[in-house]
Amino acid sequence: MAYWLMKSEPEVYGWESLVSEKIGVWDGVRNYSARNNLRAMKKGDDAFFYHSNAGKLTGVVGVVRVVGEAEPDITFGPPPHPWVVVKVAPVVKFKRLVSLAEIRAEPRLQKMELMRYGRLSVQKVLMAEWRIIWAMGQQKTG
DNA sequence: GCCAACGTTGGC
DNA sequence: GCCAACGTTGGC
């Protein structure tokens with residue numbers, strides 16, 4: 001069982017879009033590192049859903065589960081080509097946003113790929129990092 | 001809207 | 001294989 005972080009711009013495809021679809025096809029990835037991560041995803045893996053490019057709302061909004069493993073991304077064109085999609089379903093929305101600013105400010109999260117290689121749209125998350133962000137997301141807002 | 005960081009492309 | 005030019009992502 002592995003943990004991941006998947007980015008999407010909420011204006012393009014946000015948490016609410018996924019909830020209304022129930023199962024989302026994660027398409028459009030055109031970067032080899034991100035593609036390799038998509039290929040490594042297994043059914044039952046969990047991923048943080050991260051809203052990118054969203055000003056103060058940039059950050060982790062909830063958890064999704066991989067329900068379909070890599071298959072060709074037909075939005076690129078007919079295979080063969082290198083690009084793949086996975087299918088994900090919403091699991092739980094956080095009680096509050098865990099913003100990028102907070103992640104930046106948390107010393108235990110400084111080694112996250114998010115800090116080192118911010119532009120990667122599909123990233124691996126370590127279990128320790130997963131637990132920290134999960135706990136932050138369960139805190140009640142004041 | 002700007003721009004830093006990074007990936008990709010293509011000439012050589 | 002190197003590297004300059006260019007394109008894209010995404011934070012701010």
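In what follows, every chain begins at residue 1, and chains take the letters A, B, ... in the order their sequences are listed. Given the structure is predicted, the values throughout are model-derived calculations rather than measurements.
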A/Leu18 and A/Val88: which non-hydrogen atoms are nearest, and at how many Å? CD1-O, 3.6 Å
Is A/Lys7 near enough to C/dG10 that one of its side-chain N or O atoms lies under 4.0 angstrom from OP1 or OP2? yes
Once ring pair (Phe, Tyr, Trp, His ring centres under 6.0 Å) is applied, do any residues pair with A/Tyr32, and if so which ones, sequence neighbours excluded? A/Trp83
Contacts of A/Glu71 meeting salt bridge (Lys or Arg N to Asp or Glu O under 4.0 Å) (sequence neighbours excluded), chain-then-number -> A/Lys87
Is it the case that the ring center of A/Trp15 lies less than 6.0 angstrom away from the ring center of A/Phe94? no
Under-4.0 Å side-chain N/O to phosphate OP1/OP2 contact, A/Tyr117 with C/dG10: no
Is there side-chain contact between A/Lys7 and A/Val60, with heavy atoms separated by less than 4.5 Å? no
So how far is it from A/Met127 CE to A/Met1 CE, rounded to the nearest 0.5 Å? 8.0 Å
When the distance from NE2 of A/His51 to P of C/dG11 is rounded to whole Å, what number comes out? 12 Å
State yes or no: are the ring centers of A/Trp134 and A/Phe48 separated by less than 6.0 Å? no
In terms of side-chain heavy atoms, does A/Glu9 have a donor or acceptor partner in A/Tyr50 at a distance below 3.5 Å? no
Start at the 5' end of DNA chain B and walk down; is the nucleotide closest to A/Gly118 or to A/Asn53 reached first? A/Asn53
Please write out the pairs of protein N or O atoms and N or O atoms of nucleotides 1-8 of chain C separated by less than 3.5 Å, giving the distance to one decimal.
unit_1 : atom_1 : unit_2   : atom_2 : d
C/dT8  : O2     : A/Arg119 : NH2    : 3.1

Where along residues 101-112 of chain A does a heavy atom come under 4.0 Å from DNA chain C, residue by residue in number order? A/Arg104
Is it true that, when you exclude A/Arg30 itself, more than 12 heavy atoms of the residues, nucleotides or ligands shown sit nearer than 6.0 Å to its CZ? yes
Distance check needed: C/dG10 P versus A/Met115 CE, whole Å only. 13 Å
Expressed in angstrom and rounded to an integer, what is the separation of A/Leu114 atom CG from C/dT9 atom P? 17 Å
Can A/Trp4 and A/Asn37 be counted as having a side-chain donor-acceptor contact under 3.5 angstrom? no
Among residues two or more places apart or on two chains, list those pairs meeting salt bridge (Lys or Arg N to Asp or Glu O under 4.0 Å) that have a residue in residues 31-40 of chain A. none
For the pair made of CG in A/Leu5 and P in C/dG10, what is the distance, rounded to whole Å? 11 Å
Using a cut-off of strictly less than 4.0 Å between a heavy atom of the residue and any atom of DNA chain B, enumerate the qualifying residues of residues 28-40 of chain A by number. A/Asn31, A/Tyr32
